[in-house]
Amino acid sequence: MPGPTAALLVLTVIGATLRFATLDVQSIWLDESATLHLVDRGFGGMLSHLSSGESTPPLYYVLVWAWTKVFGTGPIAFRAFSALAGTALIPVVYAAGRRISPRVGLWAAALATVNPGMYYYSQEARSYALLILLSAVAFVCWQRALERPDARRLAYWALASSLALLTHYFAVFLFVPEAALLLKRLGWRRTRVAIGAVVLVGAALAPLALAQTATKNAEWIQTTSIVSRFAQAPKQFLVGLFSPQEILTAAVSGLLALGAVALLVRRGSQRERGLAWDVAIVAFGALALPALLALTHIEDVFNGRNVIAAWTPFAVLVAAGLGVARAPRLGALLGAGLCLVSVLVVLGVNTEPGYQRDDWRGLAQALKSSAPGSISVTPQYGVTPLSIYLPALRDARGATVTTREIDFLDLRGQRTGRSPLPPSVPSSAPSGFHAAGVRKTDTLAVARFVSATPRAVSVAALRKLAENPSAEIVLAP
């Protein structure tokens with residue numbers, strides 16, 4: 001039977017293969033395209049646009065900017081950075097579980113290998129994969145500082161926590177319960193330098209955070225009810241963002257995870273339960289703090305993405321139940337069930353395009369057959385992701401446009417817990433135009449209208465036909 005090191009190596013190779021082999025299955029979507037456009041600037045220009053174009057600190061963008069100087073600026077090169085971070089998470093999560101036992105470490109690593117949420121963020125050109133990794137590293141350093149406190153271990157924890165905070169502001173919600181437990185166990189005198197260093201980093205980020213808050217870029221979060229967002233977080237932890245039969249798979253995974261925690265409580269040794277209790281405090285604290293801020297309307301930016309760094313302590317908590325020494329067979333059965341559901345979800349997403357990221361690549365392919373000088377009516381912000389695949393694409397200016405061809409574009413709408421909304425395009429032609437064909441798939445729809453001679457059409461009329469007052473009008477390359 002292979003030892004823990006060999007088993008961890010196998011899991012890491014599986015995780016890397018799963019992430020890198022499917023990097024280009026899904027299209028670049030809106031938020032990723034914003035990253036690509038930002039990082040494609042010069043270094044100074046990128047930093048100067050962070051306050052207006054993003055809602056997170058600069059570390060991820062700095063690292064990816066440097067990454068592109070070596071590996072290029074294509075979508076796959078951008079995503080490869082996150083895939084590398086997601087692969088590195090597997091041994092780090094093993095180390096977190098290893099503090100309880102090697103068996104717990106391997107179960108934690110297995111969950112990280114196939115979990116749909118970890119898989120999703122490992123393939124997204126955004127800061128979340130790096131946030132999850134650095135928060136997990138900080139969590140391991142915190143565990144070691146609790147186990148045998150000294151200045152070096154506390155310094156490692158402070159450094160990793162600072163790097164996580166420089167990646168995403170919500171890293172603070174793991175730092176707070178970790179710091180509270182260190183204070184309780186070690187006292188202020190032994191922890192003040194480490195805690196103070198992270199606080200100073202947070203203070204240095206405050207002006208940027210305030211400037212980004214003033215842009216109201218994150219206000220879209222509040223358009224969804226707080227109750228649904230509270231439910232969204234555990235669902236994302238279990239089965240990712242969108243997937244076929246996600247209510248069923250989330251329910252099954254949730255029951256298996258609860259079964260693992262119950263097994264820990266009932267059959268775990270005093271040591272196993274004691275170490276898992278510390279993990280649980282961090283896990284639930286990392287969710288409770290932003291939830292409290294949202295409920296009190298102090299700062300309501302709670303959603304599954306923003307709290308995803310809490311996945312690591314929750315995974316270790318579940319793994320602690322799966323790896324209980326007194327019930328290895330039952331734990332293995334529960335763990336195998338969790339991993340099986342995760343694998344089925346990942347396979348389902350990769351084979352069902354309707355549950356994948358918005359298919360801007362497919363729309364761009366459709367526009368390549370458009371006539372020169374044609375215009376396209378796209379969903380809001382469509383020019384940003386479309387221009388990744390069609391760099392010459394540009395916004396139409398003015399209240400009217402003149403053209404011989406109009407293409408209406410739409411994407412299916414993702415809905416948590418329900419089937420996606422099918423894409424919808426107009427069937428009625430603009431005045432002076434006639435229908436030249438409609439293409440529909442599970443992910444997109446394109447309706448083409450043409451005229452024998454160039455005609456002027458108002459932007460307002462096009463938006464009315466599209467039934468979308470925020471639709472964008474773009475000129476084909």
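Everything quoted here is computed from the prediction, not taken from an experiment. Below, all heavy atoms of this structure are taken into account, side chains as well, without hydrogens, waters or symmetry copies.
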Once rounded to the nearest 0.5 Å, what's the spacing between atom [atom1] of [X] and atom [atom2] of [Y]?
X	Y	atom1	atom2	result
Y120	Q236	OH	CD	8.5 Å
L47	Y61	CG	OH	11.5 Å
S376	I406	OG	CD1	9.5 Å
T378	Q380	OG1	CD	9.0 Å
I388	T73	CD1	OG1	9.0 Å
L200	L205	CG	CG	11.0 Å

Report the residues that fulfil side-chain contact (heavy atoms from CB on, under 4.5 Å) with [X], sequence neighbours left out, ordered by chain and then residue number.
X	value
A85	A129, L133
R463	V459, A471
R361	D24, S27, D359, Y389

For residues 160-173, run the donor-acceptor check on the side chains, cut-off 3.5 Å, and write out each pair with its distance to 0.1 Å, sequence neighbours left out.
unit_1, atom_1, unit_2, atom_2, d
S161, OG, W157, O, 2.9
S161, OG, W157, NE1, 3.4
S162, OG, A158, O, 2.8
T167, OG1, L163, O, 2.9
H168, ND1, F170, N, 3.0
H168, NE2, N306, OD1, 3.3
Y169, OH, A209, N, 3.4
Y169, OH, Q212, OE1, 2.7

Got [X] and [Y] here, is their nearest side-chain heavy-atom distance under 4.5 Å?
X	Y	result
V457	T400	no
I132	Y121	yes
T249	L344	no
D358	R412	yes
V252	L255	no
L130	S127	no
W360	S387	no
P423	T443	no

Say whether, by atom type as modelled, one donor and one acceptor occur between the side chain of [X] and the main chain of [Y] under 3.5 angstrom.
X	Y	value
S48	G45	yes
S458	A461	yes
H37	T384	yes
R404	P454	no
R415	S419	yes
Q26	Q356	no
Q222	D300	yes
D410	S424	yes
Q414	P420	no
K235	L241	yes

* V318 vs L258, side chain to side chain contact (heavy atoms under 4.5 Å, CB included): CA-CA, chis, key distance, verdict -> CA-CA 8 Å; V318 172; L258 288 173; over 6 Å; no
Of all the heavy-atom pairs spanning [X] and [Y], show the shortest one and how long it is.
X	Y	answer
P379	L409	CD-O, 3.5 Å
A309	L131	CB-CG, 3.9 Å
T403	S374	OG1-CA, 3.4 Å
V239	V345	O-CG1, 3.7 Å
P58	L50	CB-CD1, 3.4 Å
V425	A445	CG1-O, 3.7 Å

* Carefully, step by step, assess I90 and L8 under the rule side chain to side chain contact (heavy atoms under 4.5 Å, CB included). => CA-CA 8 Å; I90 296 169; L8 175 61; 4.2 Å; yes
* Asked: Is the centre of the F314 ring less than 6.0 Å from the centre of the W311 ring?
  -> no
* Sub-6.0 Å ring centroid separation between Y128 and Y60 -> no
* Pairs touching residues 107-119 that satisfy side chain to side chain donor-acceptor pair (under 3.5 Å), sequence neighbours left out -> T22-Y119, Y119-Q123, Y119-N350
* Asked: Which pairs with one or both residues in residues 75-84 pass side chain to side chain donor-acceptor pair (under 3.5 Å), sequence neighbours excluded?
  -> E32-R79
* Is it true that E405 and R455 have a side-chain N and a carboxylate O under 4.0 angstrom from each other? -> no
* To do: Determine, for R305 against E124, whether the closest basic-nitrogen to carboxylate-oxygen distance falls under 4.0 angstrom.
  => yes
* State whether a side-chain donor-acceptor pair under 3.5 Å links T35 with R126. => yes
* **Exercise: do R19 and S122 side chains pair donor with acceptor under 3.5 Å** => yes
So for atom [atom1], which belongs to [X], do other residues, nucleotides or ligands contribute more than 12 heavy atoms lying within a distance under 6.0 Å?
X	atom1	answer
K69	NZ	yes
F230	CZ	yes
Q245	CD	no

* To do: Determine, step by step, whether Y355 and F242 satisfy the ring pair (Phe, Tyr, Trp, His ring centres under 6.0 Å) criterion, reporting the C-alpha distance in whole Å, the side-chain angles of both residues, the deciding distance to 0.1 Å, and the verdict.
  => CA-CA 6 Å; Y355 293 94; F242 301 104; 8.3 Å; no
* To do: Evaluate the side chain to side chain contact (heavy atoms under 4.5 Å, CB included) criterion for residues V377 and D407: first the C-alpha distance (whole Å), next the side-chain angles of each, then the deciding distance (0.1 Å), finally the verdict.
  => CA-CA 6 Å; V377 184; D407 299 325; over 6 Å; no
* To do: Would you check, one step at a time, whether the test side chain to side chain contact (heavy atoms under 4.5 Å, CB included) holds for L293 with L289?
  => CA-CA 6 Å; L293 290 177; L289 290 172; 5.9 Å; no
